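Because the structure is predicted, anything quoted here is derived from the model rather than measured.
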Amino acid sequence: MPSSLFAAVAGALTVFGFAPFGLALLPAAALASLFLLWRDAATPKCAARIGFAFGLGLFGAGVSWISIALVTFGGMPAPVAAIGMAGFCAYLALWPALAGWAVARVAPAGSAARLVAAAGAWTLAEWLRGFMLTGFPWLAVGHAQLPGSTLAGYAPVGGVFLVSLAVAIVAAILAYAIDALAQSSPKRVAIAATGAATLFVAGAVLDRMEWTAARPSPVAVTLVQGNIPQEQKFDPELRDRAFRIYTELVAASRGRLVVLPESAFPVFAEEVPQETVATLARTMRERGGDVLVGVFIARPPEAGEAQPRLHNSVVSLGASDTQLYRKRHLVPFGETIPAKPLVGWLINRVLAIPLSDQTAGPDDQPPLSVAGETVAVNICYEDAFGAELARWSRDATLLVNVTNDAWYGRSIGPWQHNQIAAMRAKETGRPMLRATNTGITSVIEADGSERLHLPWFRRGLLETHVTGRTGETPFMRWGNAVAALLAAAALGAAYALGRRSASAPG
């Protein structure tokens with residue numbers, strides 16, 4: 001099998017390491033295959049081609065669900081969507097290609113130094129992909145380590161990318177062991193086994209550490225799943241039904257903190273009937289609590305702007321003062337149009353997504369003080385960005401994610417999203433409460449384990465007690481710096497090893 005085809009297959013198989021499949025160690029095996037191909041690549045161009053093929057397999061299989069939003073709900077013609085998805089996956093595949101190129105530039109072909117370089121380069125490429133051009137950190141291999149793998153223990157120290165580095169080092173060790181077996185070298189196999197065991201044991205030790213402290217008493221929470229079909233959600237004739245459904249569900253709930261999904265009311269705040277607002281506020285005041293409501297906010301244009309500023313928002317109603325959170329990290333082409341003067345006309349012609357030209361909220365928004373807790377709200381895609389959420393939640397006791405993954409139907413996308421949210425809980429040492437329109441509504445503990453979730457595409461209430469937590473994990477102080485520096489150090493070490501082996505006599 002040609003190396004590029006083999007790499008593409010290995011990349012596609014990597015997807016089974018993520019939710020909902022959960023084969024957590026599969027990404028390490030897939031990366032080991034990739035690293036062996038990189039080790040033997042004759043030129044940087046060849047290594048880049050192999051990395052690109054791996055990336056096409058990984059992202060082609062792993063994020064294909066985005067096409068559901070484009071075609072089924074966005075009205076984009078299928079051929080145009082296919083071209084767009086191909087271009088998007090090709091862009092994402094450039095990052096593994098860059099990693100392969102760097103590996104071949106840093107260390108000589110056939111050397112063990114290339115395996116060291118591969119671990120560092122892969123992690124740096126994931127980190128760069130997570131913030132360049134607004135970032136897309138989806139399918140970082142570290143996410144696959146939740147739940148169950150002790151490698152997730154590195155998350156509170158250096159975030160998901162430190163977990164990815166641990167996975168990549170395990171992959172490099174596995175590749176080294178495979179080579180040792182081929183050369184019948186029991187000593188090298190033993191060295192590899194010891195190295196891998198050390199990584200897992202260290203992760204287990206870190207996993208048992210209490211980085212944050214529990215508050216004295218839990219709070220009763222209710223997460224609401226309205227299950228309003230996406231094709232009906234923005235229908236003006238059905239708005240009254242949404243107001244009625246959520247008003248009745250809140251009335252039936254028992255939580256002191258009640259959370260509705262993203263855009264539960266798919267209108268601007270001033271379009272919500274005053275009777276609905278008054279009823280929700282009165283219901284929550286009577287129990288001394290608050291409800292968080294997803295709604296859109298329109299603000300007047302600022303100087304020099306022709307259009308009003310639109311914000312995807314969450315508003316609190318109840319016993320506490322009314323508070324507002326406006327989404328900070330918007331989805332390109334879904335909520336904001338990059339290079340709008342150049343491509344805005346085209347996007348608006350081929351993609352019919354409501355409110356696709358929004359404004360990001362200010363970065364310095366404080367957590368919401370509601371129901372006796374301090375809540376760091378994040379909306380949908382925002383929970384993919386661990387360092388940002390860690391910075392926003394330093395003063396928070398709970399994390400709340402509201403989302404509408406109905407855009408992606410019954411695909412693997414919502415399961416991957418739920419797993420990403422679990423990593424944010426693990427990184428910050430705080431429970432994550434997820435309220436979604438059609439699923440997956442869930443309660444995730446501070447250790448990243450999911451305690452409860454509602455069935456998909458079913459209306460209901462998820463009610464439980466959750467204990468908030470205070471304090472800072474190392475990741476909340478240092479962000480992605482630890483992972484990036486260690487990955488860069490691996491590249492530097494590989495370069496030094498490569499130079500030494502090249503200059504050795506004989």
Side-chain angles (χ1 to χ4, degrees), residues 1 3-38 50-68 85 88-89 92-93 95-96 99 118-119 122-123 125-126 129-130 136-152 154-155 160-161 163-175 177-178 196 199-200 203 384 405 408-423 426 439-440 442 444 448-450 453 456:
M1 181 185 295
S3 58
S4 293
L5 179 57
F6 183 86
V9 171
L13 290 175
T14 306
V15 176
F16 290 95
F18 297 88
F21 310 105
L23 301 177
L25 296 182
L26 183 58
L31 286 182
S33 301
L34 174 64
F35 292 176
L36 285 171
L37 293 174
W38 278 348
I50 291 169
F52 186 76
F54 186 92
L56 283 181
L58 171 63
F59 298 111
V63 300
S64 58
W65 41 267
I66 294 176
S67 62
I68 298 173
M85 284 300 302
F88 181 55
C89 291
L92 295 174
W95 294 107
W122 175 268
T123 306
E126 278 198 348
R129 173 167 61 87
F136 189 77
W138 220 271
L139 295 181
V141 294
H143 287 126
Q145 302 311 297
L146 281 176
S149 170
T150 62
L151 295 182
Y154 294 98
V160 69
F161 298 121
V163 182
S164 287
L165 179 60
V167 173
I169 293 173
V170 169
I173 291 172
L174 178 58
I178 291 171
L199 271 175
F200 282 100
D405 281 340
Y408 309 110
R410 294 179 180 270
S411 68
I412 60 176
W415 292 104
Q416 293 173 354
H417 195 181
N418 194 60
Q419 186 177 48
I420 286 171
M423 184 57 72
K426 184 74 171 176
I440 301 161
S442 62
I444 299 169
S449 62
E450 182 188 85
H453 76 260
W456 242 5

Checklist entry - When rounded to the nearest 0.5 angstrom, what distance separates CG in Leu31 from CG in Leu36? => result 11.0 Å

Item to check | Separation of Met423 CE from Leu146 CG (nearest 0.5 Å) | outcome: 4.0 Å

Item to check | Whether Trp38 and Trp122 hold their rings parallel, tilted or perpendicular, with breakpoints at 30° and 60° | outcome: tilted

Checklist entry - Where do Phe18 and Leu26 land on the side chain to side chain contact (heavy atoms under 4.5 Å, CB included) test, with the steps shown first? => result CA-CA 9 Å; Phe18 297 88; Leu26 183 58; over 6 Å; no

Checklist entry - How long is the gap from CD1 on Ile50 to CZ on Phe6, to the nearest 0.5 Å? => result 10.5 Å

Item to check | Which atom of Ala93 lies closest to which atom of Pro96, heavy atoms considered | outcome: O-CD, 3.1 Å

Item to check | Full working for side chain to side chain contact (heavy atoms under 4.5 Å, CB included) between Val170 and Phe200 | outcome: CA-CA 9 Å; Val170 169; Phe200 282 100; 4.0 Å; yes

Checklist entry - With distance as the sole test, does Arg129 use its side chain to make a donor-acceptor pair with the main-chain N or O of Trp95 at under 3.5 Å? => result no

Next on the checklist: Leu58 vs Leu13, test: side chain to side chain contact (heavy atoms under 4.5 Å, CB included). Steps then yes/no.
Outcome noted: CA-CA 7 Å; Leu58 171 63; Leu13 290 175; over 6 Å; no

Next on the checklist: Between Phe88 and Phe59 (judged by ring centroids, cut-off 6.0 Å), do the two rings come close enough to count as a pair?
Outcome noted: no

Item to check | Counterpart residues, ring-ring contact (aromatic ring centres under 6.0 Å, His included), relative to His417 (two or more places apart) | outcome: Trp138

Next on the checklist: Could you go through Trp415 and Phe21, starting from their C-alpha distance and side-chain angles, then the distance that decides it, and tell me whether this counts as side chain to side chain contact (heavy atoms under 4.5 Å, CB included)?
Outcome noted: CA-CA 9 Å; Trp415 292 104; Phe21 310 105; over 6 Å; no

Item to check | Nearest heavy-atom neighbours spanning Pro20 and Ile412 | outcome: CD-CG2, 3.7 Å

Next on the checklist: Tell me the closest heavy-atom pair linking Gly130 and Pro137, and the distance in Å.
Outcome noted: CA-CB, 3.9 Å

Checklist entry - From Asn418 CG over to Asp405 CG, what is the distance, rounded to the nearest 0.5 angstrom? => result 9.0 Å

Checklist entry - Roughly how far, to the nearest 0.5 Å, is the CG atom of Leu92 from the CZ atom of Phe52? => result 10.0 Å

Next on the checklist: Minimum heavy-atom separation for Val163 and Gln145, please, with both atom names.
Outcome noted: CG1-CG, 3.6 Å

Next on the checklist: Checking side-chain contact (heavy atoms from CB on, under 4.5 Å) between Phe54 and each of Thr14, Leu37, Val9, which is the one that passes?
Outcome noted: Thr14

Checklist entry - Where do Pro414 and Tyr408 come nearest, in terms of heavy atoms and distance? => result CD-CB, 4.3 Å

Item to check | Considering all heavy atoms, the nearest Ala53-Ser4 contact | outcome: CB-O, 3.2 Å

Next on the checklist: Using side-chain heavy atoms (C-beta onward) and a distance below 4.5 Å, is Ile444 in contact with Ser449?
Outcome noted: no

Next on the checklist: My understanding is that only residues two or more places apart in sequence, or in another chain, count here; which of them pass side-chain hydrogen bond (donor to acceptor under 3.5 Å, both in side chains) with Gln419?
Outcome noted: none

Checklist entry - Counting only N and O atoms by type, is there a donor-acceptor contact under 3.5 Å from the side chain of Ser164 to the main-chain atoms of Gly142? => result yes

Item to check | From NZ (Lys426) to NE2 (His143), nearest 0.5 Å | outcome: 13.5 Å

